Amino acid sequence: MGQAATLPGRRGGSYVTELYEWSRKFINECPSGLITLHEFQRHFCDGTVGRESAEYAEEIFRTLDNNGDGVVDFREYVVAISMLIEGSAVEKLRWSFKLYDKDRDGAITRAEMLDIMQAVYKMSVTGALTKPNPLTAEECTNRIFVRLDKDNNAVISLEEFIEGALDDDWIREMLECDPSTVKVERPLRSDTTLGAHE
């Protein structure tokens, strides 16, 4: 359920050029090579819809911070950007699974999914970043659980998450993370028009 934000465009450039641009922007904004949650929220919120995106920014930050040390270093950032730009559908879904699996126990509960969906909905509705979705965050979460929780054990495993998303375009659009959500830059308001998903 990606939202509109500035993404360094491919403009005919190569993957290496694009990755270089993302890296340059990170270093320009974070010369120490590290970014804290507060800094990430400030950059992220400035590029989306302000304070309304702070909750989602925190979840993105948690997912970027692979070692859980409270900062995202240059390597963690570049690995995530690289995978989200050039990774396979399965790799992108594995990353998205980490976003939804807030407690990192290898399974997504209904509450974990609902927390993320509510944060995304709050941000999307405030900024009109996505096409209007007739479903509420709760309805969306319930619909995803009905389709993905194949063994009816009230959690979604990584396998269920990936298989279900690969088999259903609507679910994949709802669950995949848009690379623009991990950007570190302050775009001009007129630049915030990357194609949005439903």
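The structure presented is a predicted model; accordingly, all values stated were derived computationally and were not measured.
Every residue was checked against the side-chain hydrogen bond (donor to acceptor under 3.5 Å, both in side chains) condition with Glu163, not counting sequence neighbours, and none meets it. In this structure Arg75 satisfies the salt bridge (Lys or Arg N to Asp or Glu O under 4.0 Å) test with no other residue, sequence neighbours excluded. Qualifying side-chain contact (heavy atoms from CB on, under 4.5 Å) partners for Leu37, counting only residues two or more places apart in sequence or in other chains: Gln41, Glu58, Phe61. Remark: Asp169 pairs with Arg172 by the salt bridge (Lys or Arg N to Asp or Glu O under 4.0 Å) rule, at least two apart or across chains. Considering only residues two or more places apart in sequence or on other chains, Arg143 meets the side-chain hydrogen bond (donor to acceptor under 3.5 Å, both in side chains) condition with none of them.
The backbone N or O of Asp149 sits nowhere less than 3.5 Å from a side-chain atom of Glu160 that would complete a donor-acceptor pair. Under the 3.5 Å distance criterion, the side-chain polar atoms of Asp65 are matched with a main-chain donor or acceptor of Gly70. With hydrogens and angles ignored, the 3.5 Å screen pairs no side-chain donor or acceptor of Glu173 with any backbone N or O of Trp170.
In terms of hydrophobic clustering, with Ile, Leu, Val, Met, Phe, Trp and Tyr side chains grouped at heavy-atom distances under 4.5 Å, Phe74 and Leu34 are assigned to different clusters. There is a path of hydrophobic side-chain contacts, each under 4.5 Å, that joins Met83 to Tyr77. Connection of Val155 to Ile144 is not established within any shared hydrophobic cluster, with ILVMFWY side chains joined at heavy-atom distances below 4.5 Å, either directly or through further cluster members.
Residues Lys92 and Ile85 share a closest heavy-atom pair of NZ-O, 4.0 Å. Of all heavy-atom pairs between Ile60 and Phe40, the closest is CG2-CZ, 3.6 Å. Phe26 and Val72 make their closest contact through CZ-O, 3.9 Å (heavy atoms, listed as atom of the first residue, atom of the second, distance). For Thr63 against Leu99, the heavy-atom pair with the smallest separation is OG1-CA, 3.1 Å. Looking at every heavy atom in both residues, Phe161 comes nearest to Leu148 through CA-CD1, 4.2 Å. Heavy-atom minimum distance, Met174 versus Tyr121: CE-OH, 4.1 Å.
Between Glu76 and Asn67 there is a side-chain heavy-atom pair separated by less than 4.5 Å. Put simply, the side chain of Leu64 reaches to within 4.5 Å of the side chain of Trp95, judged on heavy atoms. A 4.5 Å side-chain heavy-atom check between Phe145 and Cys140 finds every atom pair outside the cut-off. Using a 4.5 Å heavy-atom threshold, the side chains of Val90 and Leu166 count as touching. Side-chain contact between Phe97 and Leu175: absent, with no pair of heavy atoms (C-beta onward) separated by less than 4.5 Å.
Atom CD1 of Ile162 sits about 4.5 Å away from atom CZ of Arg94, to the nearest 0.5 Å. In this structure, the separation between CD on Glu55 and CD1 on Ile116 is 9.5 Å, given to the nearest 0.5 Å. Atoms CG and CD1, on Asp151 and Ile156 in that order, are 10.0 Å from each other to the nearest 0.5 Å.
Residue pairs satisfying the salt bridge (charged side-chain N to carboxylate O under 4.0 Å, His left out) criterion with at least one member in residues 95-121, sequence neighbours excluded, are listed as follows: Glu59-Lys102, Lys102-Asp115.
Within a 6.0 Å sphere centred on CD of Glu138, other residues, nucleotides and ligands contribute more than 12 heavy atoms.
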